[in-house]
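Data block below; observations after.
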Amino acid sequence: MSTTDGGPWWRSAVIYQVYPRSFADGNGDGVGDIGGIRTHLGHLRELGVDAIWMSPWYPSPMADGGYDVADFRDIDPVFGTLAEAETLIEEAHAAGIRMIVDIVPNHISSEHPWFKAALADPAAPERELFWFRPGRGENGDQMPTDWRGEFDGTTWTRTPDGAWYLHLFTPEQPDLNWDHPAVRAEFESILRFWFDRGVDGIRIDSAALLLKDPTLPEVVADTPHPFQDLDGVHDVYRAWRRVSDSYAGDRALIGEVWMPEVERFANYLRPDELHAAFNFDLLGCAWDPTLMRESIDRTLHAHAAVGAPATWVLSNHDVTRHVTRYGREDTTFSFHNNLDGTPVDLELGTRRARAAALLSLSLPGATYIYQGEELGLWENEAIPEDQHQDPMWARRGHGRDGCRVPLPWSGDEPPFAFSTATPWLPQPPDWKGLTAQAQSGDPSSMLSLYRSAIALRRDELGLHDSAMAWIDLHPQVLAYCRGAAFACVLNLSDAPVALPDHESLLLASGPLDGDRIPPDTAVWLRMR
Ligand code: GLC
């Protein structure tokens, strides 16, 4: 398991996100599972990824696709058993692939024994592990605060005994009270449980939300936020860092930190806190040379200040797939700007996604690939109303099911060998040209592009050191070198531009126009 920059693996890894319900189904029930992942480990080895990040696979009522965890020390029967998970970790390691598991500390499932005990008896000590509060108003029938939830719903639910409990997400995800020592001790023990099983990293869900202001103030602009990014959260991660540092090997803590202020974001990456965090700045950015360059500069600058590696993410299980995003007129992404159903030019989106792959795989730092991205999958916007499963759908009128559709492996029609049964979400019949099998032998496919780019990234010395310098070629072209001999050039203008002086072409995201790079196309060059 080599690294590209000579430092610890997490500084420069290519990390592949598996959303286990949708990767591959091994037991024929229409839902992906560990058996399916084991069968297709070869796909990931051939792709050349350094690590797998496994979205939650724990026992869960699936009120939020597994991000409502009922037991962090076991595996949901729909995915398999703990023994199978241990076997997968071993097999991945044998294939040279590290494993990252997903821990969700902000909340647990309402089916977790702690919450069941807290609900059963108002005097139970477990109540202190959550945010139970009396309501406002004469009869206590008004919520304790008017906080809006992360899915745009209300954030309090009343119990039969009249008290209210806090949930920033769905009512099935009660928030934990991180001021309670038992909560802190429990999660440190959960980290140890998985580190003891050999996992190489932990992805931390909703990492900035854990602490709440106990006086429960309303959210008021320009005053400290009552439940986001409270200073005390850093003590939690300092303690976690002590846990990860106590293990041999380079175990990494990787935070999901959605935060517009880069300085606040970088605080999570100080040397005694998290090793890395997802950078969503570029993901939300329009397909625009000036804005993209600013985003890249902002990101590198913020990370350099704390000595942390940057990360690059184009898609994940929460956001519209980028083939679709980049095929729209408005190419930005934000949870609050619902573009569902606006016209999409998939050919354009695919061309840009290919170019974006060469960008994100050649910027300094670690790169995340969301399953199916390597196949060029687009968002399924045609899921029938009654088949939507994401709790965000009902609350926001925008859901995340369209990016969670099961992968097409082979064959000419759904279920494309994902399963022998009907998949839990419908696959577009038009994906028949996008199956892993259809793309495998085709040098012009998205899959071949990803395989070549990842292989080159591993071998290319220029991509091993972390320095990057812009080359000013043209105002609407992003061009930079990594070391003296490697350059990436991405044409975001609407006309072809001449290739700069170079020794040889290493890779192109699409056909060139003689010695010119067509619009929405990127190249990797060996420089003289
Ligand atoms: C994170 C997850 C998302 C989940 C939420 C609540 O943002 O990525 O899928 O719904 O946290 O756990």
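Indexing begins at 1, ligand by ligand and atom by atom, following the structure's order.
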Looking at ligand 1, does any of its N/O atoms fall within less than 3.5 Å of an N/O of Asp205? yes

What do you reckon, does Phe151 put a non-hydrogen atom under 4.0 Å from ligand 1? yes

Whether the side chain of Ser22 engages the backbone of Tyr19 through a donor-acceptor N/O pair (distance < 3.5 Å, no angle test) should be reported. no

Side-chain ion pair, Arg400 and Asp390, N-O less than 4.0 Å: yes

Write out the residue and atom name of the closest protein heavy atom to atom 5 (C) of ligand 1, then the distance separating them to 0.1 Å. Phe169 CE2, 3.7 Å

Could you list the atoms of ligand 1 found under 4.0 angstrom from a heavy atom of Arg400? 3 (C), 4 (C), 9 (O), 10 (O)

Suppose we measure from atom 9 (O) of ligand 1 to each protein heavy atom; which comes out shortest, and what is that distance? Asp318 OD1, 2.7 Å

Could you see which bit of Gln17 sits under 4.0 Å from ligand 1, with heavy atoms only: side chain, backbone, both or neither? neither

Location of contacts on Phe335 toward ligand 1, heavy atoms closer than 4.0 Å: neither

Less than 4.0 Å between a side-chain N and a carboxylate O, is that true for Asp281 and Arg298? yes

For His107, take its heavy atoms, then give the atoms of ligand 1 lying under 4.0 Å from any of them. 6 (C), 12 (O)

Closest to atom 4 (C) of ligand 1 among protein heavy atoms sits Asp64 OD2, 3.4 Å

Quick check: do Trp287 and Met292 have side-chain heavy atoms less than 4.5 Å from each other? yes

If we number the atoms of ligand 1 from 1 as shown, the ones under 4.0 Å from a heavy atom of Arg404 are 9 (O)

Counting only N and O atoms by type, is there a donor-acceptor contact under 3.5 Å from the side chain of Glu379 to the main-chain atoms of Arg321? yes

Give the contacting part of His317 toward ligand 1: side chain, backbone, both or neither, where contact means a heavy-atom distance below 4.0 Å. side chain

In the protein, what heavy atom is nearest to atom 7 (O) of ligand 1, and what distance, to one decimal place, separates them? Glu256 OE2, 2.8 Å

To the nearest 0.5 Å, what is the distance between CG on Leu407 and OG on Ser419? 12.5 Å

Apply salt bridge (charged side-chain N to carboxylate O under 4.0 Å, His left out) to Asp245 and Arg242, showing your working. CA-CA 5 Å; Asp245 281 350; Arg242 289 193 288 274; over 6 Å; no

The residue among Leu210, Asp68, Thr170, Asp205 that forms side chain to side chain contact (heavy atoms under 4.5 Å, CB included) with His107 is Asp205

